[in-house]
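Report on one structure; see the data block that follows.
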Amino acid sequence: MPTSYDIPDVLDRREGPYGEVVLRRHGELLQIIANGCFLMDTSDGRSERMLVDAALDALDDRPAPHVLIGGLGVGFSLAHAAANPRWGRITVVEREPAIVDWHRAGPLSALSAEALADPRTNILETDLVGFVNETCATFDALCLDIDNGPDWTVTEGNGGLYARAGLTSCARVLKPGGVLAVWSAQPSAEFEGSLSNAGFQQVRTEEIPVARGVPDVVHLAVRPG
């Protein structure tokens with residue numbers, strides 16, 4: 001007989017611009033589900049924090065770099081960036097209004113309230129793919145976590161971000177010597193090749209150690225300049 005702990009409680013369910021998004025509580029964990037696909041929960045956050053740290057470590061010693069975080073998620077990446085005074089500005093692009101609401105006035109605010117109040121933080125409610133294709137802004141680092149990886153996208157339209165045209169757009173919005181960091185639930189040798197073919201340098205993949213199973217990874221690449 002399942003207990004209440006075994007069955008997730010749906011806290012909110014909304015029809016967003018890209019389909020259904022759901023916030024659930026499973027025991028002590030909060031989970032985000034998009035169109036029936038599990039995206040993330042509040043169980044760990046090591047890989048999301050590594051996404052931000054790896055990008056910063058790959059930068060040169062330029063003062064007050066500006067980071068773009070693609071995907072607000074449960075807020076681990078934003079909170080970790082805001083905890084580091086070295087970042088000059090922190091821009092977050094999130095396309096789901098529900099997720100932004102859950103952070104501003106919902107259960108996820110416990111993770112992100114301090115970061116959202118940080119004057120360096122700016123939240124943009126828009127689609128990341130369209131943003132990198134159209135913006136005139138430039139950044140020192142792009143930390144992208146909008147899918148389960150280049151080979152497992154949440155929506156079909158995201159696939160173009162990891163192809164030649166999308167990577168060219170990412171390079172365009174990066175300042176010379178800027179860093180592209182992409183979170184993935186598994187390594188992708190094909191994506192490493194795509195980064196190199198798009199003109200990025202110092203392409204490498206860093207793994208997050210796990211006790212068993214396939215590790216989460218961060219793909220890193222630097223724009224020449």
Just verifying a value: how many Å separate [X] [atom1] and [Y] [atom2], rounded to the nearest 0.5 Å?
{"X": "Ser184", "Y": "Ile208", "atom1": "OG", "atom2": "CD1", "result": "9.5 Å"}
{"X": "Ser47", "Y": "Glu206", "atom1": "OG", "atom2": "CD", "result": "12.5 Å"}
{"X": "Ser169", "Y": "Glu134", "atom1": "OG", "atom2": "CD", "result": "9.5 Å"}
{"X": "Asp12", "Y": "Asp101", "atom1": "CG", "atom2": "CG", "result": "8.5 Å"}
{"X": "Ile90", "Y": "Asn122", "atom1": "CD1", "atom2": "CG", "result": "10.5 Å"}

Minimum heavy-atom separation for [X] and [Y], please, with both atom names.
{"X": "Arg120", "Y": "Pro85", "result": "NH1-CA, 3.7 Å"}
{"X": "Met40", "Y": "Gly73", "result": "SD-CA, 3.2 Å"}
{"X": "Leu51", "Y": "Ser77", "result": "CD2-OG, 4.0 Å"}
{"X": "Arg24", "Y": "Pro8", "result": "NE-CB, 3.7 Å"}
{"X": "Arg172", "Y": "Thr138", "result": "O-CG2, 4.3 Å"}
{"X": "Glu207", "Y": "Val217", "result": "CG-CG1, 3.7 Å"}

Is there a side-chain contact between [X] and [Y] in this structure, where contact means two heavy atoms from C-beta onward sitting under 4.5 Å apart?
{"X": "Leu220", "Y": "Val179", "result": "yes"}
{"X": "Pro97", "Y": "Pro17", "result": "yes"}
{"X": "Val21", "Y": "Ile32", "result": "no"}
{"X": "Thr155", "Y": "Arg95", "result": "yes"}
{"X": "Leu30", "Y": "Trp102", "result": "no"}
{"X": "Cys170", "Y": "Leu161", "result": "yes"}

Spell out, yes or no, whether [X] and [Y] are grouped together once hydrophobic residues are joined by side-chain heavy atoms under 4.5 Å, including indirect joins.
{"X": "Leu111", "Y": "Leu11", "result": "yes"}
{"X": "Ile99", "Y": "Leu128", "result": "no"}
{"X": "Val52", "Y": "Val74", "result": "yes"}
{"X": "Phe139", "Y": "Trp87", "result": "no"}
{"X": "Ile146", "Y": "Trp183", "result": "no"}

Please report, to 0.1 Å, the donor-acceptor pairs under 3.5 Å made by any side chain of residues 59-71, with sequence neighbours excluded.
from  : atom 1 : to     : atom 2 : distance (Å)
Asp60 : OD1    : Arg62  : N      : 3.2
Asp60 : OD1    : Arg62  : NE     : 2.7
Asp60 : OD2    : Arg62  : NH2    : 3.1
Arg62 : NH1    : Asp140 : OD1    : 2.7
Arg62 : NH2    : Pro176 : O      : 3.0
His66 : ND1    : Arg89  : NH2    : 3.2
His66 : NE2    : Thr91  : OG1    : 2.8

Does [Y] offer a backbone N or O that forms a donor-acceptor pair with the side chain of [X] under 3.5 Å?
{"X": "Glu48", "Y": "Phe76", "answer": "no"}
{"X": "Ser109", "Y": "Ala105", "answer": "no"}
{"X": "Thr121", "Y": "Ala115", "answer": "yes"}
{"X": "Arg13", "Y": "Glu20", "answer": "no"}
{"X": "Asp44", "Y": "Arg46", "answer": "yes"}
{"X": "Arg14", "Y": "Leu23", "answer": "no"}
{"X": "His219", "Y": "Val203", "answer": "no"}

Fill in the blank from the handout: The side-chain contact (heavy atoms from CB on, under 4.5 Å) partner of Arg223 among Leu174, Leu142, Val173 is Leu174
Exercise for the section: With Leu167 as reference, evaluate Val132, Asn197, Leu195 under the side-chain contact (heavy atoms from CB on, under 4.5 Å) test and give the passing residue. Expected result: Leu195
Exercise for the section: Using a strict 4.0 Å threshold on nitrogen-to-oxygen distance, state whether Arg104 and Glu94 make a salt bridge. Expected result: no
Handout entry: Under 4.5 Å side-chain linkage, directly or through intermediates, the cluster mates of Tyr18
Key = none
Let me check something: any side-chain donor-acceptor pairs from residues 185-193 under 3.5 Å, sequence neighbours excluded? List them with distances.
from   : atom 1 : to     : atom 2 : distance (Å)
Ser188 : OG     : Asp151 : OD2    : 3.0
Ser188 : OG     : Phe191 : N      : 3.1
Glu192 : OE2    : Thr205 : OG1    : 2.4

Exercise for the section: Might you work through the side-chain contact (heavy atoms from CB on, under 4.5 Å) test for Asp41 and His26, ending with a clear yes or no? Expected result: CA-CA 9 Å; Asp41 63 22; His26 193 183; over 6 Å; no
